[in-house]
Every structure is written in C-alpha cells, then in structure tokens.
Amino acid sequence: MDTLSEPQLKALLLQFRQGDEPAFNALYSTYAKVLYRKINSIVKDDDVAEELLQDLFLKIWDKRRLINIDQSFVAFLYTVAQNLVYDYLRKVSRDKRLQASLLINAVDYYMQTEEALIGKETAAIIQQAINKLSESRKKVFILCKIEGKTYQQAADELGISIATVNSHMVKSISFIKEYLYKNPEIGLLLIFGVILS
C-alpha cells in the first residue's frame with residue numbers, strides 16, 4: 001500500500017467529500033489492494049472479495065459527506081470492510097438454511113410465468129438503465145458486468161487505470177440500482193436477484 005502523509009490524506013478526503021473523482025481514484029489506488037487481501041483472507045473467494053471491495057467503495061462514495069477527516073480513515077475503511085464481510089457471512093449462513101425452500105418456490109413461480117416475457121422485460125429495463133450512463137461508464141459496465149471481464153482486463157482494453165474502472169463501476173452500479181428501484185416493474189425481477197448479482 002502506498003502511504004499518504006496525514007496532510008496528503010486530509011487534503012484528499014476534503015476533495016473526496018466534495019465528490020472529486022481524482023481524489024476517489026487516489027484513495028482507491030492507495031487502499032484497494034490491502035483491503036482486498038484482508039477481505040479475501042476471510043471469505044476465501046476471489047470473486048466475492050472483489051464484489052465486497054466494490055461494495056465498500058460504493059458505500060464510502062455514498063457516505064463521503066459524512067467522513068470525519070479528523071478521525072482515522074484507515075480505521076473507518078476497516079470497519080466498513082468488516083461489517084460488509086460479516087453481513088456477507090450472515091447472508092451465506094442464512095441462505096444455506098433457506099436454499100432448498102427458496103429454490104422450490106422460485107422454480108414453481110417461474111414455471112407458471114411466461115419465460116420469454118420475463119426475459120424481455122429484464123433485458124429492456126436493464127438496457128434502459130445502462131443507456132442512461134455516460135459513454136465511458138457504459139463501456140466499463142458492459143465489459144465488467146455483461147462480458148464478465150476483470151477490472152484489469154477492462155482497464156487494459158480501454159487504456160485506463162483500474163482505479164478509473166472501479167470509479168466508473170461504483171457510480172454506474174449506484175445509478176442503475178437507483179433507477180431500477182424507482183421502476184415499478186422491477187419488483188419481481190429483484191425478488192429473483194437477477195439484477196447486478
């Protein structure tokens with residue numbers, strides 16, 4: 001992890017609190033690797049660790065105005081990461097107990113519904129949300145979420161940094177989730193967990 005002096009960190013946090021994207025990218029570049037390693041050491045799954053890391057930076061982006069620059073930012077990051085990991089582990093534990101019953105209910109419901117209609121509605125609503133992204137965010141989102149490329153692959157293909165890819169993904173997912181939750185037709189799709197899984 002690159003180290004930042006206290007004055008450098010405070011300056012970055014002040015810019016970050018105002019929504020400054022380069023400051024966000026600098027914080028990501030500084031802390032992402034060590035946070036990823038810490039998360040992965042607990043969840044033991046590369047994909048889950050990457051998702052939780054993304055959730056962590058999405059959460060701090062959403063709560064950036066509440067960050068206290070006079071308190072330890074590293075401790076704050078570790079606390080958020082720890083809470084996300086615990087939430088994930090609780091969810092996994094709960095899901096294992098309910099998995100059989102949920103699967104039966106979901107399959108029964110799906111079999112009674114027009115498969116083609118659900119597929120078309122899902123695709124149309126997701127596409128509407130994606131189309132509202134800026135061109136650069138749309139490219140990153142499609143590469144990472146739809147084509148399944150890693151952040152490194154997307155960064156290499158687009159000639160941008162991993163921090164920029166992460167920034168685009170955090171903001172794209174935040175926007176798309178907000179768009180989908182405002183759409184009254186999306187409730188059923190969210191139950192099945194097909195959006196941004």
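Because only heavy atoms are used, hydrogens play no part in the values below, and waters and symmetry mates are left out as well, while side chains stay in. Values in this document were obtained by computation on a predicted structure and should not be read as measured data.
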field: Val165 vs Cys144, side-chain contact (heavy atoms from CB on, under 4.5 Å): CA-CA, chis, key distance, verdict
entry: CA-CA 9 Å; Val165 169; Cys144 294; 4.0 Å; yes
| said: Run the side-chain contact (heavy atoms from CB on, under 4.5 Å) test on Phe24 and Leu12 for me, step by step, so that the C-alpha distance in whole Å, both residues' side-chain angles and the decisive distance to 0.1 Å come before the verdict. | reply: CA-CA 8 Å; Phe24 176 78; Leu12 271 180; over 6 Å; no
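Evaluation of the side chain to side chain contact (heavy atoms under 4.5 Å, CB included) rule for Asp47 yields Asp45 as partners, not counting sequence neighbours. Looking at residues two or more places apart in sequence or on another chain, you find no side chain to side chain donor-acceptor pair (under 3.5 Å) involving Asn25. Every residue two or more places apart in sequence or in another chain that forms a side chain to side chain contact (heavy atoms under 4.5 Å, CB included) with Gln152 is listed here: Thr150, Asp156, Ile162. Considering only residues two or more places apart in sequence or on other chains, Ser41 meets the side chain to side chain donor-acceptor pair (under 3.5 Å) condition with none of them. Ile42 meets the side chain to side chain contact (heavy atoms under 4.5 Å, CB included) test with Val85, Leu89; sequence neighbours excluded. In this view, Ser161 and Thr164 satisfy the side chain to side chain donor-acceptor pair (under 3.5 Å) rule, not counting sequence neighbours. Listed by chain and residue number, Leu52, Leu84 satisfy the side chain to side chain contact (heavy atoms under 4.5 Å, CB included) test with Asp55 (two or more places apart in sequence, or in another chain).
From Leu133, atom CG reaches atom CZ of Phe141 across 7.0 Å, with rounding to the nearest 0.5 Å. Taking OG from Ser167 and CG from Leu58, the interatomic distance works out to 11.0 Å, rounded to the nearest 0.5 Å. Taking NZ from Lys132 and CZ from Phe175, the interatomic distance works out to 6.5 Å, rounded to the nearest 0.5 Å. Here CD1 of Ile69 is found 4.0 Å from CG of Leu14. Values are rounded to the nearest 0.5 Å. Between the CG atom of Leu9 and the CZ atom of Phe16 there is a distance of 11.0 Å, given to the nearest 0.5 Å. Note that OH of Tyr88 and CD of Glu51 are 10.5 Å apart. Values are rounded to the nearest 0.5 Å.
Every pair tested for side-chain hydrogen bond (donor to acceptor under 3.5 Å, both in side chains) that includes a residue from residues 57-69 fails, sequence neighbours excluded, so the list is empty. Within the structure, salt bridge (Lys or Arg N to Asp or Glu O under 4.0 Å) pairs that include any residue of residues 10-36 comprise Glu6-Lys10, Lys10-Asp70, Glu21-Arg137, Glu21-Lys171 (at least two apart or interchain). The stretch residues 157-170 participates, sequence neighbours left out, in these salt bridge (Lys or Arg N to Asp or Glu O under 4.0 Å) pairs: Lys149-Glu157.
For Phe73 and Tyr31, the gap between ring centers is short of 6.0 Å.
In Lys138, the NZ atom is crowded: over 12 heavy atoms of neighbouring residues, nucleotides or ligands sit closer than 6.0 Å.
Counting only heavy atoms from C-beta outward, the side chains of Lys38 and Tyr78 approach each other to under 4.5 Å. Taking the side chain as every heavy atom from C-beta outward, Val48 and Ile39 never approach each other to under 4.5 Å. The closest side-chain heavy-atom distance from Tyr28 to Leu53 is below 4.5 Å. Counting only heavy atoms from C-beta outward, the side chains of Leu35 and Phe57 approach each other to under 4.5 Å.
Ser174 places no side-chain N or O within 3.5 Å of a backbone atom of Val170 that could act as its donor or acceptor partner.
Using modelled atom types and a 3.5 Å distance limit, the side chains of Ser5 and Gln8 yield a donor-acceptor pair.
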